[in-house]
**Q** 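Have a look at the structure that comes next, please.
Just so you know, these numbers come straight off a predicted model, no measurement behind them.
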Amino acid sequence: MKVYALHVGLLALLLALHFVLPAYHHGNLARVMVLASYAMGYNLMFGYTGLLSLGHALFFAAGMYGMGLGVQHLGLSAAPALILGLAAGAVVAGVLAALALRTAGVAFMIVTLMFAQAGYLSVLYFGALTRGDEGFVIQQADRMLWGVNLSDEGNRYLAALLLFGTCLMLCLWLVRSPFGRVLVAIRENEERVRMLGYDVFAHKFAVMVLSGTMAAAAGASYGLLFGYVGATFASVQYSIFPLLWVLLGGAGTVLGPFIGTLFMFYLIDLSSGVTTAYMLIAGVALVVLTLFAPQGLMGEVRRRIWRGLP
Amino acid sequence: MELGPYLVLATLEGAVTAAVLALTAVGLSLVFGVMRVVNIAHGEFFMLGAVLAWWIAQSVVGHPAIGFALALVAAPLIVGALAVAADMTILKRLDYDPERTIVATIGLLYIIQQVTLMGYGPDARPVEAPFNTRLALPWFEHGAEGWQMIWPWGLGTTSYKLAVIGAAVALLCAVWALMARTRIGLVMRATQADREMALAFGIPVERVYAGVFGLGAALAALAGVLIVPIQQAHYLMGADPLLLSFIVVIIGGLGSLPGTVLAAVLIGLSDGIISVFFSPTLAKILATLLVGLVLVFRPQGLFGARGA
């Protein structure tokens, strides 16, 4: 009960902030919520199942380009384009899972990295369709979902909150379900889970598809809400970001990805006022985190204050 | 030009790529083989070598060859020392855990890259080669009066490029001799084979690790110094060598030196040839897909022994 109170409370707080935040932070928070949904998808694989992927940008971009190309070249309206984006993410995740899950550990990391790199290069190679590095803008007229204009700032915030809330509640339910318990068991001791008669591959496959679909949902929403689709979102950097956010917030906690994303977003936002080399902050954060706080912020909370935190 | 001379030219360019790539990849392979650490920051050591070469060359007055020779010695030493420091302060404290070191070296990558951006700036800067004579190459053609030798326009190379290939071959032989014929190499191989047992026999494993990490970084830096008169020094130049070295190390079999060199020659040459005839982006897509698939279906590498 306490658990639900905490998570629903956070959503209520975010809804309340909608009415009081100044415009600049209002826009930022909408962005953070979409990116946090991406990080939550990542966390399902990395935090709960112990599968460290270095290629999640592939799924994010699959959703974004599935949606964007659908609007741009097939003339779809927003709703079917979103579904196309989700489907693209799920299919890409399924194919990559079928290949990459044959490996483990370091090999798994490199395989995901390589396929994501191939995906990024393909976006550049098919520049005639995707406009490559430059990207393209989703016209305002195409950003109408069931009569709601998503380019309006208020609607954009609420749509981001809806996405974030859905992903948060889905994660919360999932990790407390028997399926989620098996995932944690796989992370802790894969051999023993196999010996107990669970199908480890099926569980990993399912979680990877789910994680990829969630990343794709975030990618498609990002394109739709902020009206821009570009190759940067497919680059290695965008595979590293969710890892960073999740590590910072706390891997294997439901709220960790959001806290990490929020923290990192404002850290980079503040530091980019001082220097152009803002990625330095990300680098230092990664090294310091792996050295001193491998559990992350919410991980520390769980260790010291509330052991039952999901 | 006809196809023949074109192909020779592409092969020559590919051989230069292969030479530099072999040096970089052997460094990566050593670090992975002995320490089981996947060093994502390896490309940045390559970049640091190139940037330091520019810095040393422009601060030394006199003939460009003096500055370059100095850079050839100093840059790898500085980068090697930096890597040893990184190993002792970061990697050692992570107990060389494979997954956590990957995350830490990603952090290291951004730190090195961004510090270079702040100190050196976003410009690409050239270094003058110590010697750079143009050498035209002959071509044989069957003409009206039988076989004759012609000198097609554009077919040629420079003495510096040939020197790079020669230097790389010499250095690779030196690395091989170090690993196979000296006590240092013996200690390294013992650590690679069984860390616990080596420790039990009184080998200072932590010092070996620091040394190997430094050596790997120094090799990458050396490759960076060698390439800088051909390419220019730029703070983002580490990405391509990193990707290509990964490809080479994986195809050659993780941790196997002869396989790495063989794969470097193969990838360097084919990259040169494919890039001349097709789009370089397409060549990279095919190469990355190949790496992914090799790891999935033949994790020991194309040339690696099964079960190694």
Side-chain angles (χ1 to χ4, degrees), chain A residues 46 50-52 54-55 96 98-127 132 235-237 239-241 243-244 246-247 251 271 274-292 294, chain B residues 32 36-38 40-41 44 86 89-94 97-119 121-122 235 239 242-243 246-247 249-250 254 278-297 299-300:
Chain A
F46 169 60
L51 290 167
L52 205 168
L54 290 178
L96 185 56
L99 286 169
L101 286 176
R102 297 168 55 112
T103 64
V106 169
F108 180 79
M109 296 156 86
I110 300 177
V111 169
T112 48
L113 180 69
M114 287 300 159
F115 277 94
Q117 188 66 19
Y120 169 63
L121 291 168
S122 309
V123 170
L124 297 185
Y125 186 67
F126 295 103
S235 64
V236 184
Q237 235 179 53
S239 296
I240 305 297
F241 277 145
L243 172 66
L244 188 64
V246 168
L247 273 176
S271 64
V274 183
T275 166
T276 50
Y278 60 88
M279 282 304 289
L280 180 63
I281 310 289
V284 173
L286 271 177
V287 172
V288 170
L289 278 170
T290 41
L291 275 180
F292 300 109
Chain B
F32 182 80
R36 299 275 130 186
V37 163
V38 177
I40 306 275
E44 303 316 304
T89 51
I90 301 170
L91 299 184
K92 195 171 105 184
R93 300 191 47 170
L94 297 175
D97 175 82
E99 301 198 344
R100 285 171 70 199
T101 48
I102 288 200
V103 179
T105 52
I106 291 173
L108 212 55
L109 178 155
Y110 284 128
I111 294 175
I112 297 176
Q113 198 178 77
Q114 300 292 315
V115 168
T116 312
L117 172 65
M118 290 198 294
Y235 83 102
L242 175 71
L243 188 67
F246 258 111
I247 295 171
V249 170
I250 287 162
L254 288 166
F278 303 100
S279 133
T281 313
L282 184 64
K284 269 191 217 151
I285 294 178
L286 293 178
T288 43
L289 283 179
L290 181 68
V291 171
L293 293 172
V294 163
L295 262 181
V296 170
F297 294 105
Q300 72 276 25

**Q** CD1/B:Ile112 to CG/A:Leu280 distance, rounded to the nearest 0.5 angstrom?
**A** 11.0 Å
**Q** Side-chain contact, heavy-atom cut-off 4.5 Å: A:Leu99 with B:Leu293?
**A**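 When only atoms from C-beta onward are counted, B:Leu293 and A:Leu99 do touch, with a gap below 4.5 Å.
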**Q** Taking side chain as everything from C-beta outward and backbone as N, CA, C, O, which of these in A:Phe126 sits under 4.5 Å from a heavy atom of chain B? Side chain, backbone, both or neither.
**A** neither
**Q** Distance check, rounded to the nearest 0.5 Å: B:Leu286 atom CG versus A:Leu121 atom CG?
**A** 10.0 Å
**Q** Chain B heavy atoms under 4.5 Å from A:Leu247: which part of the residue, side chain, backbone, both or neither?
**A** side chain
**Q** Which answer fits A:Leu54, side chain, backbone, both or neither, if we ask what part of it has an atom under 4.5 Å from a heavy atom of chain B?
**A** side chain
**Q** What part of A:Phe115 is in contact with chain B, defined as an atom under 4.5 angstrom from a non-hydrogen atom: side chain, backbone, both or neither?
**A** side chain
**Q** B:Thr288 and A:Ala118: which non-hydrogen atoms are nearest, and at how many Å?
**A**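 Reported closest heavy-atom pair: OG1-CB, 3.4 Å.
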**Q** For residues 102-110 of chain B, which side-chain donor-acceptor pairs fall under 3.5 Å, sequence neighbours excluded?
**A**
| from | atom 1 | to | atom 2 | distance (Å) |
| --- | --- | --- | --- | --- |
| B:Thr105 | OG1 | B:Ile40 | N | 3.3 |
| B:Thr105 | OG1 | B:Thr101 | O | 3.0 |
| B:Thr105 | OG1 | B:Ile102 | O | 2.9 |

**Q** Under 4.5 Å heavy-atom distance to chain B, tell me which part of A:Leu52 shows up: side chain, backbone, both or neither.
**A**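 Contact with chain B is through the side chain of A:Leu52 alone.
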**Q** What is the distance from atom CD of A:Gln117 to atom CG of B:Leu289, rounded to the nearest 0.5 Å?
**A** 10.5 Å
